[in-house]
Amino acid sequence: MTFGNPWMLLGALGALIPLLVHLFDRRRPRPHPFGPLAFVMRSQKRTASRLKLKRLLLYALRTLILLAIPMALARPELTRDAAAAQVVKGPAATAIILDASLSMRWSDGTPLFERARDEARDALKDLLPEEPATVLVCTQSPAAPPPPGFDRGRLRSLVDEAKATSGTADLSRCLDMAARALEENPMPAKRLVLVSDMTAAAFRLEAPPPTVKGPTGAPVKPEVVLRDAAEGLEVLNNRAIVDLKVEPALQAGPRTFQFTFTVRNFGTEAVKDLEAAVRVGESTLAKGFVDLPPGGTTQKTLTVRFPQGGTVLGQVTLAPDALVDDDRRSFVLPVPRALKALVVNGSPHATRYRDEAFFVDAALTAPGSPVEVATRDAEVGLREDFSAYDLVLLLNVPAPSADEAQKLAAFVERGGGLFISMGDRVNPDAYNQRLGPVLPRPLRLVRTSAERDDPDADAKSARLAQVSVEHVLFSPFTGQAEEGLVGARFYKYMLLEADSPGESGASQVLATYEDGAPAVAVARKGKGRVALLTSTVDRDWSDFAIRTSFLPLMQRFAAYLTGSLDEREEVRVRVGESATLRPEGAQKVSAVRAPDGSDLPVKEQPEGTLVAGPVMEPGVYSVLGADGKVQSDLSFAAVLEPSESDLARVPVDTLTAYFGEETVKASTGDADKPSVPLWTWLILAACLAFFFEGTLLRK
């Protein structure tokens, strides 16, 4: 029991007043023998007995009034958890561990972390004056606590300023750190006070419990006080987005994506018609509903078409529950922009399927393709203004004039893409002379592996032997998809010269025939890219144009040559980790900005990468360039650790067995505290005593 105003207890001495009055007011009757009055005397004795009982009752009521009033003014309170916190014989050095993990943000009206801070304040208040203490706020990267001391104001400030984080917390590690801090105090008794929601994900029960060095140097178990911020709740219901996949949905049109996110119910109650949505800013782009069985997992796919290209920053969301942080997951999505391609047809034909550009045009304009195609013959196409296009395709085109070749070279240098395919109208010497600066490799001569009308043409024709599927251009063509490449037959193809030693812009061969001759060669020229296919894109030199791989490969050629297919390594980072950024070319990074507007620490690595972080909250992180503008292609999203969404609690019996017999289960929560202060009942008792005293006096 504690008193808010203990000096008011001096007023309890007033309870002696009725006793003194009773003692001094006693009357001794004098004997007067009188025979006729014997009957009267017997009646008087009975009356005196009743008066004596009445006086005793008045004495008790008046004593109660005079005792209850000063005690009520002293404001006594029952503090049961204080008794539990002082089981150790004598004073103990105490470390208070405050759980600040994501799960502590769970709220049924009052966040668990607010309750935990109240519990930590109570733990400080319950300490004896001679007990030193320290406070450890347990986060994903906790700082070592200072040695125990007596500055209660500083410790209360640590508790008041603590905030629940978005990361995980290893309570086993924090208990060990707190135990090490207690070893710095010479006091023999040690106490660990853990304030947490006791979720299973926060403990490593396979590790040994914390110990401290005893007086002899041998490890001993400290007293452990458990303060449950969840106040004994058996289940903390929660549902969360635990995974997200974003994939192109070309069948639904260009710039269309499928958002498939996995939703898990960590609670014991089924959920019906849970709203799920894809949002960008304040706009909802798609919405659906999911059903979740108790403890079950389901997936939801929403399809979204974006009207234009660029980097999209958004999030998928669920209808909020008690832990809102894991009901949303941010994403950074590069959406291909519309590409303008100029197809220069070097061999037009009245019959469409025999036209040089027929199959290419069909591939680039297929549903889902972001390419807008303009087809011209060689005479008109080479006179076009190339700056109006992102990509130029020369299909079996005779060597351009010197001026046209210079225009093409300037177009590529400025960042344009150039695709060149071979054919009967391609003269190797003229190409080398006029387009040599932009060709991946000089042309040599045409090789014939089989004649088309030869009955054994299929057996004699060349096939692709090696394809660099690790390159972004050919990465989808693995497994069964590879058959569309290796099954193609090539009857003629252009041989290429080797790279000149020391020449800038060396080429890269991405596919070869069975004899080792290059089939596809690419090179960077200035800011642009050039790709060379050594056979034709119609059916004159091969049957590749009618293979299943032709359409997707031509679309990937268009995207790769314009830079739209540059698949930067996706920055996958979880809260508490650091992000590795890889600027390209002349890109410079001046700052990395968190969702709350603060700047992350950025450290440059010797290989040119940048390490930003650690990130402390989920959401989209913006990367600023040297000019202070956002570099959208470097932006990234941080997500939560899914295990922190599992709020399954460790049973008290399990923790008791883990910590051993020294464990003390502190009484916490409103159920263990008087709902009405004790001094209120004392005032009520005094009022009732006053009422009964008046009743007795009137009789």
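Note that these values count all heavy atoms, side chains included, but never hydrogens, waters or copies made by symmetry.
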**Request:** May I ask you to test the S578-K603 pair for a side-chain heavy-atom distance under 4.5 Å?
**Result:** no
**Asked** With sequence neighbours excluded, what pairs up with T216 under the side chain to side chain donor-acceptor pair (under 3.5 Å) test?
**Response** none
**Item:** Contact list for residues 160-217, test ring pair (Phe, Tyr, Trp, His ring centres under 6.0 Å), sequence neighbours left out
**Value:** none
**Message:** Do N237 and D321 pair up side chain to side chain, a donor and an acceptor below 3.5 Å, judged on atom types alone?
**Reply:** no
**Message:** Give me each pair satisfying side chain to side chain donor-acceptor pair (under 3.5 Å) with a member in residues 604-619, each pair once, sequence neighbours excluded.
**Reply:** E607-T609
**Message:** Are L333 and F259 packed together at the side-chain level, in the sense that at least one heavy-atom pair is separated by less than 4.5 angstrom?
**Reply:** yes
**Request:** Check the pair R115, D197 against salt bridge (charged side-chain N to carboxylate O under 4.0 Å, His left out), reporting the backbone distance first and the verdict last.
**Result:** CA-CA 10 Å; R115 301 177 187 174; D197 54 5; over 6 Å; no
**Prompt:** Tell me, do T654 and L205 make a side-chain contact under 4.5 Å, heavy atoms counted?
**Reply:** yes
**Message:** F113: which residues meet the ring pair (Phe, Tyr, Trp, His ring centres under 6.0 Å) condition with it, sequence neighbours left out?
**Reply:** none
**Test ring pair (Phe, Tyr, Trp, His ring centres under 6.0 Å) applied to F636 - qualifying residues, sequence neighbours left out** = Y621
**Message:** Please enumerate all residues that pass salt bridge (charged side-chain N to carboxylate O under 4.0 Å, His left out) together with R204, with sequence neighbours excluded.
**Reply:** D170
**Message:** So L182 and L192, do their side chains get closer than 4.5 Å, heavy atoms only?
**Reply:** yes
Could you list the donor-acceptor pairs under 3.5 angstrom formed between side-chain atoms of residues 277-287 and any protein atom two or more places apart in sequence or on another chain?
{"residue": "R279", "atom": "NE", "partner": "T317", "partner atom": "OG1", "Å": "3.0"}
{"residue": "R279", "atom": "NH1", "partner": "T284", "partner atom": "OG1", "Å": "2.5"}
{"residue": "R279", "atom": "NH2", "partner": "E275", "partner atom": "OE2", "Å": "3.3"}

**Request:** With sequence neighbours left out, write down each residue that passes salt bridge (charged side-chain N to carboxylate O under 4.0 Å, His left out) with E183, or none if nothing qualifies.
**Result:** R180
**Asked** Is any side-chain N of the basic residue among D627 and K588 closer than 4.0 Å to the acidic one's carboxylate O?
**Response** no
**Message:** I'd like to know if the side chain of E644 and the backbone of E641 have a donor-acceptor N/O pair within less than 3.5 Å.
**Reply:** no
**Message:** Could you check whether any side-chain N or O of T165 sits under 3.5 Å from a backbone N or O of A100, counting only pairs where one atom can act as donor and the other as acceptor?
**Reply:** yes
**Message:** Using only atom types and a distance under 3.5 Å, with no angle test, would you say the side chain of T134 pairs donor to acceptor with the backbone of P146?
**Reply:** yes
**4.5 Å side-chain heavy-atom contact, K221 and P210** = no
**Message:** Donor-acceptor pair, distance only, cut-off 3.5 Å: does the side chain of K190 make one with the backbone of M187?
**Reply:** yes
**Item:** Side chains of D599 and V592 in contact at under 4.5 Å (non-hydrogen atoms)
**Value:** no
**Request:** Give a yes or no on whether a salt bridge exists between D326 and R264, defined as a side-chain N under 4.0 angstrom from a carboxylate O.
**Result:** no
**Asked** Any sub-3.5 Å donor-acceptor pair from N265's side-chain atoms to G296's backbone N or O?
**Response** no
**Asked** Mind checking what makes salt bridge (charged side-chain N to carboxylate O under 4.0 Å, His left out) contact with D646, not counting sequence neighbours?
**Response** none
**Of all pairs that satisfy ring pair (Phe, Tyr, Trp, His ring centres under 6.0 Å), the ones with a partner from residues 139-159, not counting sequence neighbours** = none
**Item:** Residues in salt bridge (charged side-chain N to carboxylate O under 4.0 Å, His left out) contact with D327, at least two apart in sequence or another chain
**Value:** none
**Complete:** Taken in chain and number order and not counting sequence neighbours, the residues that satisfy side chain to side chain donor-acceptor pair (under 3.5 Å) with Q315 are none
**Asked** Is there a side-chain contact between V195 and I97, using heavy atoms and a 4.5 Å cut-off?
**Response** no
**Asked** Is the shortest heavy-atom distance from the side chain of L226 to the side chain of D228 under 4.5 Å?
**Response** no
